[in-house]
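Structure record follows, encoded as structure tokens.
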Amino acid sequence: MYCEETYQETLYSGYGQNFSIDRRLFETKTEHQHLIIFENRFFGRMMALDGVIQTTEKDEFIYHEMLTHVPILAHGQVKRVLIIGGGDGGILREVLQHTAVKEVCMVEIDQAVVDLCRQWLPNHSCGAYDDPRVTLVIDDGVRFVNNADTAGNRFDVIISDCTDPIGPGEVLFSSEFYRGCKRLLTNKGIFVAQNGVPFMQLDEVKTTVHRLGSYVSDLHFYSAAVPTYTCGIMTFAWGTDNHEARHIPLVDIEARFALSGITTRYYTPAVHQAAFALPRYIETAIAESMG
Ligand code: SAM
């Protein structure tokens, strides 16, 4: 009897999504994590790290557009961007759409993820790594943000495009990491980070409130629904001392979006503004964690 090969995500015990492996493209144990890239008839090419789905060709645009364009268009005058993680190159591709951005530094712990995604997921980076504005640093993000020289090296937007807080990604949810990011942010700089699916990972919201809240005066979250980050909306952490940034009038976001010349498939100025409206249970978790 033919038994279809499937990939079972192991992020949660007792629940998980699985995908038919229609074509196994590459699998290895890198210096830092287990990596598999395979083809699925519905989601296209997909990558998983340490048993957790990271990205798929079908739905990556949602996550990469929202984690990138919300902080950049909210800030309005971004010249330098720091990306932590992001080895598949999707965030880098979206940041580079902004021609006003002059420098992008990307700190990824695993060279193998960069190399294998350039080879097997080329539609994610789309040549972004070859852009002269890009500096790729292979390092642990928490080490980089705490040791990098701050003189002339601060960033208007810092994007933590990390894995879940397991394995090498765990430190990217630590106070030490947030402290390091704050020291590298400009005065009006904005920090954003993938912060899990609160229906399943509400503790990640509470932990971020406790830890990041010590370093910024405006801590909030915004959201988007990414199909393969299952169980509802996912949250993005938002941390800044720039109190206007989260309240830009829609007409101004629309003007900045039009001026930027970027093209999107998910992000719109109205979605940007609406993304900061959170369900009651998430608002309650934030308020209780701040108290
Ligand atoms: N979009 C995915 C998500 O939301 O789960 C994450 C995309 S990207 C594949 C996550 C990247 O974070 C990986 O390339 C991984 O190697 C990198 N990473 C994990 N821990 C890291 C660390 N401590 N420093 C820098 N990069 C790290």
Side-chain angles (χ1 to χ4, degrees), residues 9-12 17 26 28-37 43 45-68 82-95 105-121 124-125 128-129 135-148 158-174 176-178 180-181 184 192-198 200-201 204 208 221 223-231 233-237 266:
E9 185 175 52
T10 56
L11 177 57
Y12 306 114
Q17 50 182 352
F26 200 88
T28 186
K29 180 78 178 71
T30 75
E31 185 189 345
H32 298 279
Q33 48 212 331
H34 174 268
L35 176 150
I36 183 171
I37 298 176
F43 286 99
R45 293 189 174 191
M46 310 178 59
M47 175 174 69
L49 294 174
D50 284 344
V52 183
I53 297 297
Q54 296 297 309
T55 190
T56 87
E57 286 182 322
K58 181 93 173 181
D59 69 1
E60 58 87 7
F61 68 98
I62 301 169
Y63 171 88
H64 292 128
E65 289 181 15
M66 286 301 283
L67 194 51
T68 303
L82 173 62
I83 301 169
I84 305 294
D88 55 74
I91 293 287
L92 186 61
R93 177 197 73 218
E94 291 301 317
V95 169
C105 178
M106 179 167 153
V107 182
E108 163 60 53
I109 198 168
D110 199 333
Q111 179 76 56
V113 176
V114 174
D115 296 342
L116 293 168
C117 287
R118 292 184 74 168
Q119 180 178 359
W120 295 104
L121 288 174
H124 273 60
S125 53
Y129 286 106
T135 303
L136 174 62
V137 174
I138 299 301
D139 194 2
D140 184 330
V142 68
R143 184 173 39 239
F144 179 87
V145 295
N146 283 292
N147 294 316
I158 298 179
I159 300 173
S160 179
D161 176 21
C162 55
T163 44
D164 284 87
I166 46 179
E170 189 167 4
V171 293
L172 302 185
F173 293 80
S174 67
E176 186 191 5
F177 175 65
Y178 296 136
C181 288
L184 289 181
V192 293
Q194 87 86 356
N195 209 102
V197 174
M200 299 292 277
Q201 301 167 306
E204 282 185 32
T208 300
F221 296 83
S223 75
V226 182
T228 49
Y229 300 158
T230 55
C231 290
I233 57 171
M234 77 168 293
T235 49
F236 303 102
Y266 184 88

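For clarity, every value in this text was computed on a predicted model and none was experimentally measured. Every number for a ligand or one of its atoms is a count from 1 in the order of the listing.
Using a 4.5 Å cut-off on side-chain heavy atoms (C-beta onward), R45 and T56 make no contact. Side-chain contact between N146 and E176 is present, with heavy atoms from C-beta onward closer than 4.5 Å.
Using bins of under 30°, 30° to 60° and over 60° for the plane-to-plane angle, the ring pair H64/H124 lands in the perpendicular bin.
When heavy-atom distances to ligand 1 are checked against 4.0 Å, the residues falling inside are Q33, M47, L49, Q54, Y63, G85, G86, G87, D88, V107, E108, I109, D110, V113, D139, D140, G141, D161, C162, T163, P168, G169, V171, L172, Q194, Y229, ordered by chain and number.
Remark: D115 engages no residue in a salt bridge (charged side-chain N to carboxylate O under 4.0 Å, His left out) (not counting sequence neighbours). For F144, there are no ring pair (Phe, Tyr, Trp, His ring centres under 6.0 Å) partners two or more places apart in sequence or in a different chain. Looking at residues two or more places apart in sequence or on another chain, you find no salt bridge (charged side-chain N to carboxylate O under 4.0 Å, His left out) involving E65.
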